Amino acid sequence: MEMETPIPSSKQNPEMESPQTKQIFILSGQSNMAGRGGVTKHHKWDGVVPQECQPNPTTILRFSATRHWEAAREPLHSDIDTKKVCGVGPGMSFANAVRERVGVVGLVPCAVGGTAIKEWARGEHLYESMVMRAKESVKGGGEIRGLLWYQGESDTSHQHDAEAYQGNMEKLIRNVREDLGLPSLPIIQVAIASGDKKYIEKVREAQFKISLPNVVCIDAKGLPLKEDNLHLTTAAQVKLGHMLADAYLTNFAPPQILPPHP
């Protein structure tokens, strides 16, 4: 087993050398954020990486499970969501779409498939791990610019879970902002496209009703699903990444400074 290594400084790790500060984004939620694009019914990833998700070692980095920065590539969550096979998610498509505007993008994958919102409550392992990883990610330099959140499918089977969703999500947002010391941290959440028919609309309604400042909701409904009717296809994940990027650039990115005319 590989031993955990201390977080290297930029002098020790050439992949961290950059004249620009890393713009860090936390990727969290459940399987559609972790990515199942291209994972076959035989539980193998087909290895297909669309052009929009190609690596760019100098401008797109990921924070590994052992908490060091490395060049990001698909599958982004392979060492985080380890109990399932990961494939293409929205993270690389998002990063490629925003990097020209924001500079060096640092992705902090935290999503774990099959997890309900109550498992992301303060004090629970998943929540505490996400906060710890986010705090560690800035130690070598960088600024956390947003949390991208796609979760809720596991809360569609029982009425109580669906009815409690809005309150639980609002509490999560407040807790993350408080624990990271970022009271205005941008949150982009994805309204679910799949789940148990019994209460999916109840959860979607809760997602759209959240009206905290600096929280934006984009809708995954209508994006193509795989044969399991639960997970987004690779093409859908590419599209979702672009939707997340549009939401970030439109609502939260600093305005572009155009060079002066000669």
Side-chain angles (χ1 to χ4, degrees), residues 23-41 43-56 59-65 70-99 105-115 120 126 129-130 133-134 137 145-154 187-195 207 217-248:
Q23 308 300 298
I24 296 171
F25 296 88
I26 305 160
L27 311 177
S28 202
Q30 53 182 113
S31 56
N32 274 318
M33 179 56 79
R36 299 291 186 262
V39 176
T40 70
K41 58 186 175 185
H43 307 295
K44 292 193 173 163
W45 180 46
D46 62 14
V48 175
V49 179
Q51 184 61 39
E52 297 92 338
C53 304
Q54 292 293 325
N56 192 301
T59 58
I60 306 177
L61 307 176
R62 76 181 283 275
F63 202 54
S64 73
E70 61 188 20
R73 62 183 64 249
E74 298 286 8
L76 275 178
H77 278 77
S78 59
D79 60 349
I80 301 294
D81 190 11
T82 55
K83 292 182 180 176
K84 298 283 175 69
V85 177
C86 292
V88 174
M92 288 299 292
S93 167
F94 166 83
N96 273 307
V98 300
R99 64 186 172 87
V105 177
L107 301 173
V108 182
C110 299
V112 176
T115 53
W120 293 92
L126 290 174
S129 174
M130 173 177 68
R133 284 175 55 73
S137 75
R145 292 300 188 190
L147 166 63
L148 311 185
W149 178 265
Y150 190 168
Q151 185 279 333
E153 296 94 339
S154 290
I187 314 279
I188 305 175
Q189 67 161 348
V190 182
I192 56 174
S194 58
Q207 292 173 320
C217 187
I218 63 171
D219 197 354
K221 191 173 185 178
L223 292 177
L225 298 172
K226 293 163 58 177
E227 290 175 7
D228 62 9
N229 284 317
L230 183 61
H231 296 112
L232 300 185
T233 64
T234 296
Q237 288 286 16
V238 170
K239 172 68 174 167
L240 179 62
H242 289 164
M243 291 165 64
L244 288 163
D246 287 345
Y248 177 74

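One-based numbering along the sequence shown. Since the model is a prediction, treat every value here as computed from it, not as a measurement.
- Using a 4.5 Å heavy-atom threshold, the side chains of H77 and V112 count as separate.
- For R36, the side chain to side chain donor-acceptor pair (under 3.5 Å) criterion is met by D81, not counting sequence neighbours.
- Between I24 and S137, the closest heavy-atom pair is CD1-O, 3.5 Å.
- Residues that satisfy the side chain to side chain donor-acceptor pair (under 3.5 Å) test with T115, not counting sequence neighbours, are W120.
- Taking the side chain as every heavy atom from C-beta outward, M243 and F94 never approach each other to under 4.5 Å.
- When all heavy atoms are compared, the tightest approach of T234 to G38 is OG1-N, 3.1 Å.
- Judged purely by atom type and a 3.5 angstrom limit, Q207 uses its side chain to pair as donor or acceptor with the backbone of I192.
- Closest non-hydrogen pair, L76 versus M92, comes out as CD1-N, 3.7 Å.
- Here the shortest heavy-atom pairing between S93 and G241 reads OG-CA, 3.6 Å.
- Looking at residues two or more places apart in sequence or on another chain, you find a side chain to side chain donor-acceptor pair (under 3.5 Å) between D228 and H231.
- Remark: A97 pairs with H242, A245 by the side-chain contact (heavy atoms from CB on, under 4.5 Å) rule, at least two apart or across chains.
- Counting heavy atoms from C-beta outward, I188 and W149 have side chains that stay 4.5 Å or more apart.
- No donor-acceptor pair under 3.5 Å is formed between the side chain of D79 and the backbone N or O of S64.
- A 4.5 Å side-chain heavy-atom check between Y150 and L27 finds every atom pair outside the cut-off.
- Between I60 and L107, the closest side-chain pair of non-hydrogen atoms falls below 4.5 Å.
- Surrounding NZ of K239 are at most 12 heavy atoms belonging to other residues, nucleotides or ligands under 6.0 Å away.
- Among all heavy-atom pairs drawn from L232 and K226, the shortest one is O-CD, 3.6 Å.
- Side chains of W45 and V88 form a contact here, defined as non-hydrogen atoms less than 4.5 Å apart.
- F25 places none of its side-chain heavy atoms less than 4.5 Å from the side chain of V108.
- Partners of K84 under the salt bridge (charged side-chain N to carboxylate O under 4.0 Å, His left out) rule, at least two apart in sequence or in another chain, do not exist in this structure.
- For Q30, the side chain to side chain donor-acceptor pair (under 3.5 Å) test picks out Q151, S154, with sequence neighbours left out.
- In this structure, the side chain of S31 does not engage the main chain of A34 through any donor-acceptor pair within 3.5 Å.
- Summarising the local packing, CZ of R99 is surrounded by more than 12 heavy atoms from other residues, nucleotides or ligands at distances under 6.0 Å.
- Of the possible polar contacts, none joining the N32 side chain to the E153 backbone as a donor-acceptor pair under 3.5 Å is found.
- Side-chain contact of N96 with Q54: a donor-acceptor pair under 3.5 Å is absent, judged by distance alone.
- Side-chain contact between R133 and F63: present, with at least one pair of heavy atoms (C-beta onward) separated by less than 4.5 Å.
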